[in-house]
Amino acid sequence: MQDAIKVEVAVPIPIDKTLTYAVPPELGGSVTIGTRVAVPVKARLMVGVVVGLGGVRPGDRRLKRVRGVVDAGPVMTPGLLELARWMSAYYLAPLGEVLAAMCPPHPGFRRMVRLVSGPSDLELEVMRATDPAKAAVVEALKGGKALSLDTLKRRMGSGSVPGCVAALEKEGVLATEVVPRKGRKPRGRKDDAGTEPGGASVRREPLLHELAPHQRAPFEAITAAARERRFKAFLLHGVTGSGKTEVYLRAMAEVVASGRKAVYLVPEIGLTPQVMARVRRFFGERSALLHSRMTAGERYRTWLDALSGDIDVVVGARSAVFVPFEDLGIIVVDEEHDASYKQQDSPRYNAREVALMRGRNEGAVVVLGSATPRLETYFGALDGAYELFEMPERIAGGLLPDVTVVDMKKVGGGSPLSPQAEQAIGEALERGEQVVLFLNRRGFANFVQCRDCGFVPRCRNCHVTLTYHLRQKRLVCHYCGYSEGGKDTCPECGGANVDFVGSGTQKIEDYMAERFPEAKVARFDRDSTRLRGSAEDLLTDFDGGLVSMLVGTQMVAKGHDFKGVGLVVVVNADVSMNIPDFRSGERTFQILTQVAGRAGRGEFPGRVIIQTFNPEHHALRFAARHDFKGFFAEEMETREELSYPPFAKIVRIVAEAPARETAQQAAEGFARLARKLSEDAGAGVQVIGPARAPISRIKRVERWHLVLKGGRAGDVSTFVASCLRAYTEAAQGGGQVRFAVDVDPENMM
Ligand code: ADP
Ligand code: ZN
């Protein structure tokens, strides 16, 4: 056997090692670290990334061969490979899966068919008579050139091609081979979804405002750090309209002027066309979009443009943090608190943390910005991890909206709207103002609430809302498994109106259309905006005044700059307060603040009405006063008392299995093992649970979960990794169970 160059390839399968392959001589030069290659794994051909070169060794083992190179060159920079290794260790995800999530989609494979021993003319004559479809395949290949299966199908327009090819291959007439499609860089580009409204001409001149003093301070600090080419992180805590975006763009422009690159992350790019328009104005054609609603081809193109240095700026959602810029100078993470920065499938990374790590590795500055920073982030800023800039005033001097809290306990009847809200809506419409109705339907709303006093039962151990199980008539804690019987009377006030709160709020659009027949009502949520471009269209209609009332979920709260909105009504603030998650208070505060920020951005002052059964809830009290610091102080006390983040790091583990008992036993076995290991090693990791997950079954898979809490981030990951190894060695539960590990979970469902 010949000597061969060996390579280490990370493939996207759940194993914690790389696989070794031999590089055939004809591919020798093109296989380098960071290239994507097609390799056989068991019986399949998969795409992996070369992460190591193994050198030349005598051909002592029969190694499988690399079958092809996917792209025209390496798609991973050294910085990205380093980042991938960190992500793999921290988020406990296989390196191959991490790399696959980082890379753009690959162009796929083609099955090539060629003739090996063609039939004689006579044989072909016979074939024509007996099996014309097969004969046609042979004839198409007669020139001796290999054709792809797709080409054959196209030429012959027949569904029988694959069957004929398979039969002929068996007979030894044909041979087939799988080759990766070459990723070629297409000519002519810049037709992104994000071209500037109003035409192709791009104004190169940035519209420079004279920065206000509260903008100049962060701008100067950021650009000073960027000039030193070192990592530094900043937090801009500024109300909506305080001029944060202007600071980001100006700082990015400085970085780009110095020859380096910029990444601008936003939670959901499809929802913020205005941001892209502003970026275009600053950076013109040297900027591009990257987000999951783009086609694979569009994303691939942006990726190649970033690699070749044809663009300087990429704006995108979560995965844009992996843009392959070689010399990255700045990463902006706008709305840094947003939960959509967290990926819900493996690798379960948070783009904010990844941005910070990438900045650290590559000597770039990282700018986090929000009107309602995540409590951990604000805590970090006070602790010195990020340099903090407060931007408490709106640029235009506009006032923050006036917030009224309506106590729904005092409102009788089945109407979803209080008389106060109905009246305010009528008046706003009469004045020609637009109205936003906000319904928070996120997650589960199946909790129990007293209609008289608003009391919602919570777990005495975990402080989260108990979830009502209709069938068993029991209230269950989905963190620790604690449960109690459902009661007919309220334990707080003795009232008999204890009620199950479902998510029937969806009907509100119809209700509004009926109540205000003169108003043009539109709905804005995941369902109504599933089609590409429809979110933009809806927002444009609303911005242009074609729609007078927008009924929407939290999607309406995110970042839009509507000038005509005079009134925002939060239909039921309690839904988000009562999600069984330790962050429910924080999320409620954030969402109320963001929604309120939609009102009064134009010439007239805005008004916000919040309907609730819990006017005393701290999230609501502080949101109504626009008091972030007050909320932070109070919420931090609870966090510390119960050791939730930032006072502890948490890892959630979900045991998934076809049968409920299997999932339960696995979760219990894992919990026992983790408790024992923590005790033995003095690791100080606390194990909570297991319990049935709030969403207890997904696609016929039963789910049980447990939560591990520990002092330090990396330590908990390492501890969980050793637990998983120990569990696998003991081989409990067999192959029926899968553990989904979520480090720093955002979602406890
Ligand atoms: P944020 O990102 O905090 O919501 P923006 O940067 O979008 O704030 O600023 C709000 C509005 O004020 C925008 O229309 C922006 O163009 C404008 N603006 C920002 N900075 C200035 C400035 N220094 N002078 C005048 N207008 C400004
Ligand atoms: Zn509990």
Side-chain angles (χ1 to χ4, degrees), residues 403-421 438-505 570-589 591-592 609-625 630-631 634-635 637-639 641-642 644 691 694 748-749:
V403 181
T404 313
V405 175
V406 176
D407 187 349
M408 292 301 277
K409 295 196 295 289
K410 299 186 181 139
V411 176
S415 163
L417 283 188
S418 58
Q420 292 97 314
F438 173 71
L439 315 164
N440 195 336
R441 291 187 316 181
R442 191 199 192 104
F444 272 28
N446 47 350
F447 57 96
V448 167
Q449 186 166 49
C450 171
R451 291 271 164 192
D452 295 325
C453 76
F455 173 78
V456 174
R458 287 173 179 270
C459 175
R460 55 199 65 187
N461 310 319
C462 308
H463 196 64
V464 299
T465 320
L466 297 173
T467 300
Y468 188 56
H469 283 248
L470 207 56
R471 232 174 294 152
Q472 298 96 321
K473 291 201 167 35
R474 283 191 83 74
L475 294 162
V476 180
C477 170
H478 280 297
Y479 277 20
C480 73
Y482 165 82
S483 81
E484 60 184 47
K487 300 189 177 59
D488 295 330
T489 54
C490 172
E492 198 70 11
C493 74
N497 288 319
V498 180
D499 211 352
F500 169 80
V501 181
S503 51
T505 39
V570 178
V571 177
N572 181 0
D574 302 20
V575 175
S576 64
M577 285 176 201
N578 292 305
I579 293 172
D581 187 318
F582 71 90
R583 282 191 231 274
S584 63
E586 176 177 2
R587 296 254 161 79
T588 304
F589 179 83
I591 204 88
L592 292 178
I609 294 179
I610 302 176
Q611 305 191 140
T612 177
F613 285 96
N614 272 292
E616 292 311 312
H617 193 283
H618 67 296
L620 220 150
R621 275 189 289 118
F622 289 111
R625 280 190 255 138
F631 175 74
E634 186 159 333
E635 182 75 15
E637 278 179 27
T638 322
R639 293 276 177 101
E641 213 172 286
L642 298 160
Y644 282 132
M748 307 295 278
M749 305 306 271

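Because the structure is predicted, anything quoted here is derived from the model rather than measured.
Nearest approach of Ala691 to Gly481, heavy atoms of both residues: CB-N, 3.5 Å. Of all heavy-atom pairs between Pro457 and Leu475, the closest is CG-CD1, 3.9 Å. Of all heavy-atom pairs spanning Ala624 and Val405, the tightest one is CB-CG2, 4.2 Å.
Residue Glu637 holds its CD atom at 11.5 Å from CG of Leu642, rounded to the nearest 0.5 Å. The CG atom of Leu620 sits 5.0 Å away from the CD1 atom of Ile610 when rounded to the nearest 0.5 Å. Expressed to the nearest 0.5 Å, how far OH of Tyr482 lies from CZ of Arg474 amounts to 8.5 Å. The CD1 atom of Ile609 lies 5.5 Å from the OG1 atom of Thr404; values are rounded to the nearest 0.5 Å. To the nearest 0.5 Å, the span separating NZ on Lys409 from CG on Asn614 amounts to 6.5 Å.
A heavy-atom distance below 4.5 Å is not found between the side chains of Cys493 and Phe455. The closest side-chain heavy-atom distance from Val456 to Phe613 is not below 4.5 Å. Using a 4.5 Å heavy-atom cutoff, the side chains of Lys410 and Ser418 are not in contact. Side-chain contact between Glu484 and Leu466 is present, with heavy atoms from C-beta onward closer than 4.5 Å.
Scored by the salt bridge (charged side-chain N to carboxylate O under 4.0 Å, His left out) test, Glu634 finds Arg621 as partners (sequence neighbours excluded). Residues meeting the salt bridge (charged side-chain N to carboxylate O under 4.0 Å, His left out) test with Arg639, sequence neighbours left out: Glu376, Glu586, Glu635. Applying the side chain to side chain donor-acceptor pair (under 3.5 Å) criterion to Thr489, with sequence neighbours excluded, gives no partner residue.
Below 30°, between 30° and 60°, or above 60°: for Phe631 and Phe622 the angle between ring planes is above 60°, a perpendicular geometry.
Here the side chain of Ser584 pairs a donor or acceptor atom with the backbone of Met577 at under 3.5 angstrom. In this structure, Gln611 contributes its side chain and Val571 its backbone to a donor-acceptor pair below 3.5 Å.
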